[in-house]
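Quick notes on the structure that follows.
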Amino acid sequence: MANGTRARRAEGDLTRKGAHTRQRIVAAAADLIGELGVAGTTLDDIQAEAGVSSSQIYHYFAGKEALVRAVVGYRAQAVVGEVHEPMLAAVEDIEGLRAWRDRIVSIQQDSGGQGGCLLGSLGSELAGLDHVARHNVAAGWHRWEAAIRACLQDMRDGGKLVPAADPGQLATAMLAALQGGLLLAQIERSARPLAAALDAMISLTESFAAPPQPPGETAG
């Protein structure tokens, strides 16, 4: 019964104050895990960082495993939902893709290549430890890939890419290049590998660009 109650509380059956407290705990856990890793972060650390009691943590989460899973969802929303989905939804053409690339590279340049992809780092650490958390990270990546795919699909539907372009395949490759570039940027402390990876994928996408249309004609 206690576990069921905790699960319901974690799913949003909360007062406004309770939801705020739970979010504060998740945010504190996300910050610490981003700095120390999952293995290096304890519930005592999170309790101190969030400024809550041990009983408050267990009021919302059955334990560290459940809290880490909540952190995965928090990171997916922060990285994909709040940053990349809105940016990609605004992309209309190759130049828009380059603007998206410039923004990603700029973030890494500002941080000196530190941090990498916080969602990717979670996936790397949790892949062999927690099947559910790994699945949740994969769901976040699928959401990211879907945003890229929708962007490319709109470009193809709008006549910016030729019909032979495969938005699904290009989106998978684009996300793989982005993740690999972020990892290399983190290791080298330089945005150069990230810029090179994204430039290569955007150049490949541009190779599917529809030829210019004669004046007076419209796409489709």
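Numbering starts at 1 and runs along the sequence shown. Keep in mind that what you see is a predicted model, and the values were worked out from it rather than measured.
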Any donor-acceptor pair under 3.5 Å from [X] side chain to [Y] backbone:
| X | Y | value |
| --- | --- | --- |
| Arg192 | Ala185 | no |
| Ser207 | Leu204 | yes |
| Lys64 | Val38 | yes |
| Arg156 | Ala165 | yes |
| Glu125 | Ala39 | yes |
| Glu145 | Ala171 | no |

Within residues 37-46 or reaching into it, pairs that qualify as side chain to side chain donor-acceptor pair (under 3.5 Å) - sequence neighbours excluded:
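Every pair satisfying side chain to side chain donor-acceptor pair (under 3.5 Å) with a residue in residues 37-46: Thr42-Asp45.
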Where is the tightest heavy-atom contact between [X] and [Y], given as atom of each residue plus distance?
| X | Y | result |
| --- | --- | --- |
| Phe61 | Ala70 | CE2-CB, 3.7 Å |
| Ile57 | Val52 | CG1-CG2, 3.8 Å |
| Ala50 | Ile25 | CB-CA, 4.1 Å |

Working note: Ile202 + Arg101, criterion side chain to side chain contact (heavy atoms under 4.5 Å, CB included); need CA distance, chi angles, decisive distance, verdict.
CA-CA 9 Å; Ile202 291 174; Arg101 170 264 190 214; 3.6 Å; yes
Using the ring of each side chain (for Trp, its six-membered ring), is His84 parallel, tilted or perpendicular to Trp100, with breaks at 30° and 60°?
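The arrangement is perpendicular - the two ring planes meet at more than 60°.
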Can a salt bridge be assigned to the pair Arg98 and Glu206 using a cut-off of 4.0 Å between side-chain N and carboxylate O?
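Salt bridge between Arg98 and Glu206, a charged N being under 4.0 Å from a carboxylate O: yes.
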Pair Trp144, Gln179 - check side chain to side chain contact (heavy atoms under 4.5 Å, CB included), show working.
CA-CA 11 Å; Trp144 203 340; Gln179 288 299 316; 3.2 Å; yes
Derivation and outcome, side chain to side chain contact (heavy atoms under 4.5 Å, CB included), residues Gln169 and Thr172
CA-CA 5 Å; Gln169 187 176 39; Thr172 300; 5.9 Å; no
Identified side-chain contact (heavy atoms from CB on, under 4.5 Å) counterpart of Val72 within the set Asp130, Ile33, Asn136
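Passing option: Asn136.
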Can you list the residues that meet the salt bridge (charged side-chain N to carboxylate O under 4.0 Å, His left out) rule with Arg24, with sequence neighbours excluded?
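Arg24: no salt bridge (charged side-chain N to carboxylate O under 4.0 Å, His left out) contacts found.
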When you look at Leu183 and Ser124, which way does the side chain to side chain contact (heavy atoms under 4.5 Å, CB included) test go after all the steps?
CA-CA 11 Å; Leu183 177 59; Ser124 297; over 6 Å; no
